[in-house]
Visitor: 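Below you will find the structure I want to go over with you.
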Amino acid sequence: MTPMYLLSEFARSLFSLWSLIICLNSLFSLVRSVVLKRLRYAALALAPFACSYFLWQVLFDVHMLGGKEGEAAVSAALCSIPFIYWILMLLALTAAALVTRIAVSRYGRNSVTPDAVKQCLDRIPCGVCCFGDDGRVLFSNVCMNRLCVAVTGERLSDGRKLSDAANGLVVNAEGRKWRFTASELTFDGEKLHELIASDVTAEYAETEALQKDKEELSTLNRKLKEYMLGIDESVRRREILQAKVNIHDEMNRLMLSTAAVASEDSAAEERIFSLWEQNALLLCMEADRSSDSEELTGIEKLGEALKVTIVWKNELPESLTDRRRELFFSAAKEAVVNAAKHAGAKQVEISFSETDDEIRCSFANDGKLPDGKVKFAGGLSNLSLLAKRQGGSIETDIGGVFKVSLVFPKNT
């Protein structure tokens, strides 16, 4: 059978190319196995790599020297072997290289490897970065690399710098909202820092919409309160007007009845006189409603019931209109109730001051001072709305004692 060195130069070149292809394929499998940390596959790939490289080197020597002086004895001996044995050796090496290549590829596809983790993290829609205490970046995905350029204007080389610039904030980048959160973890006994950038564009839009709806609801609630207060006021005025109409009609009827009764009919005169007496009593009751004594007495009784002493520093100003007097009495009752309920007060001091610009009605109590800013709620909120309708306002003052003031301007 024809030995290898008697084949044509072209035929030997084909054998040389075949062995080189086996060598490169085995080298790829070897490197890939090391990257995947599968040393068993690396050992399997090393054998065909070494053998194919050796055969390629033999053919290279024969091609370059061709029996001349300096040709290695091993190369000469191997080239003396019939070429059919070369084909069998190369076929065996090809099979070994292919088996190793398939095994490495299958492991890379079906197993959790560092490369698989990197590919997976590059596909997720959030940014991930892991770095050490010195800021050295150990891992980052494609999304975080883009966000770093958008946030800092630089490529991601220092994880600490990016964390300081964006941690805990919502950042606008790439036309979307990103929230950066940092955490610490321990891996193989080493303390690491993890920075996650989450896309919160949808949540941010929903939060803004919710805030807008909340503001609209608050405005609607305020208008509803004003409307309800207006209804109460309208009903009260309507009842007063109806009472006046009834009294007026009764007066007309009595006048006509008095004129029509005969002077000699004493029983009819007594009945008419009784009706006049009852109507006069109704008029007196209506007149008493506009007086302040009943309201003042009601405030005193409320204080006695709550065990709160009411101290009047001066008289109620005559310049207050009827509507403002009604609001003052409501504010006084609310001040007494709040002083007893929230502050545990034993005394409420009511005073009035009048200047060229305003009339101030103040309610001071000796109870516990509130913590922080006073928020108007419940009765105080309603009083504030009613005062605003009359051009006035409710003010609070936290000094040595807690004081609530009802202020009316004089020019309205």
Side-chain angles (χ1 to χ4, degrees), residues 1-124 128 130 136-143 145-146 155-157 188:
M1 298 182 69
T2 307
M4 174 61 71
Y5 73 91
L6 292 179
L7 294 177
S8 65
E9 185 175 347
F10 176 73
R12 292 198 305 269
S13 298
L14 291 178
F15 278 93
S16 178
L17 178 61
W18 188 357
S19 61
L20 180 60
I21 292 174
I22 297 173
C23 178
L24 294 178
N25 182 74
S26 300
L27 180 62
F28 176 82
S29 300
L30 177 63
V31 174
R32 181 68 173 163
S33 300
V34 173
V35 171
L36 296 178
K37 297 182 179 180
R38 299 298 292 178
L39 300 182
R40 183 179 61 182
Y41 292 155
L44 291 176
L46 182 61
F49 166 73
C51 294
S52 59
Y53 178 77
F54 177 71
L55 294 179
W56 176 79
Q57 189 64 48
V58 168
L59 292 173
F60 180 78
D61 288 345
V62 172
H63 176 73
M64 293 298 296
L65 299 177
K68 297 179 182 178
E69 185 179 354
E71 183 180 357
V74 176
S75 298
L78 287 174
C79 286
S80 299
I81 298 174
F83 73 91
I84 191 65
Y85 293 108
W86 276 80
I87 292 176
L88 294 176
M89 286 189 296
L90 291 176
L91 285 174
L93 292 176
T94 301
L98 289 176
V99 168
T100 306
R101 177 69 177 272
I102 292 172
V104 172
S105 300
R106 181 176 298 174
Y107 178 81
R109 288 194 308 268
N110 300 332
S111 304
V112 179
T113 62
D115 190 45
V117 173
K118 179 68 168 65
Q119 292 181 11
C120 177
L121 291 178
D122 282 339
R123 293 175 183 175
I124 61 177
V128 180
C130 186
R136 179 173 56 90
V137 178
L138 303 176
F139 173 82
S140 65
N141 64 349
V142 175
C143 181
N145 293 335
R146 296 199 315 268
R155 295 179 63 85
L156 181 55
S157 58
D188 286 343

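Along the sequence shown, residues carry numbers from 1.
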Visitor: If you compare all heavy atoms of V34 against all heavy atoms of A42, which two are closest, and at what distance to 0.1 Å?
Guide: CG2-CB, 4.3 Å

Visitor: Working to the nearest 0.5 angstrom, can you tell me the gap between L27 CG and R32 CZ?
Guide: 14.0 Å

Visitor: Quick one about S19 and W86 (side-chain donor to acceptor, distance below 3.5 Å, no hydrogens or angles considered), yes or no?
Guide: no

Visitor: Would you check if there is a donor-acceptor pair between the side chains of N145 and R155 at a distance under 3.5 Å?
Guide: no

Visitor: Given L78 and F54, is the side-chain contact (heavy atoms from CB on, under 4.5 Å) satisfied, shown in steps?
Guide: CA-CA 11 Å; L78 287 174; F54 177 71; 3.4 Å; yes

Visitor: W56 vs Y53 aromatic rings, parallel, tilted or perpendicular, using cut-offs 30° and 60°?
Guide: tilted

Visitor: Less than 4.5 Å apart, side chain to side chain, heavy atoms only: is that true for V137 and S140?
Guide: yes

Visitor: Could you go through the side-chain contact (heavy atoms from CB on, under 4.5 Å) check for L30 and L44 one step at a time?
Guide: CA-CA 8 Å; L30 177 63; L44 291 176; over 6 Å; no

Visitor: Nearest 0.5 Å, what's the CZ-SG distance between R136 and C130?
Guide: 9.5 Å

Visitor: Quick one: pull up OH in Y41 and OG in S33 and give me the separation to the nearest 0.5 Å.
Guide: 8.5 Å

Visitor: Nearest 0.5 Å please: distance from the OG atom of S16 over to the CD atom of E9.
Guide: 11.0 Å

Visitor: State, yes or no, whether a side-chain contact exists between T94 and W18 at a heavy-atom distance under 4.5 Å.
Guide: yes

Visitor: Got a second to check how far N141's CG is from L156's CG, nearest 0.5 Å?
Guide: 9.5 Å

Visitor: Nearest 0.5 Å please: distance from the CG atom of L20 over to the CG atom of L59.
Guide: 11.0 Å

Visitor: Counting C-beta onward and ignoring hydrogens, is there a side-chain heavy-atom pair between F15 and I87 closer than 4.5 Å?
Guide: yes

Visitor: Side chains of C79 and V58: does their closest heavy-atom pair fall under 4.5 Å?
Guide: yes

Visitor: Looking only at atom types and distance, does a side-chain atom of S105 sit under 3.5 Å from a main-chain N or O of I102, one as donor and one as acceptor?
Guide: no

Visitor: If every non-hydrogen atom of L90 is compared with every non-hydrogen atom of I22, which pair is closest and at what distance?
Guide: O-CD1, 3.5 Å

Visitor: Might you point out which heavy atoms bring A97 and S29 nearest each other, and give the distance in Å?
Guide: O-OG, 4.5 Å

Visitor: Under 4.5 Å between any side-chain heavy atoms of F10 and L14, yes or no?
Guide: yes

Visitor: Indicate yes or no for a side-chain donor-acceptor contact from R38 to the backbone of V104 under 3.5 Å, with no hydrogens or angles considered.
Guide: no

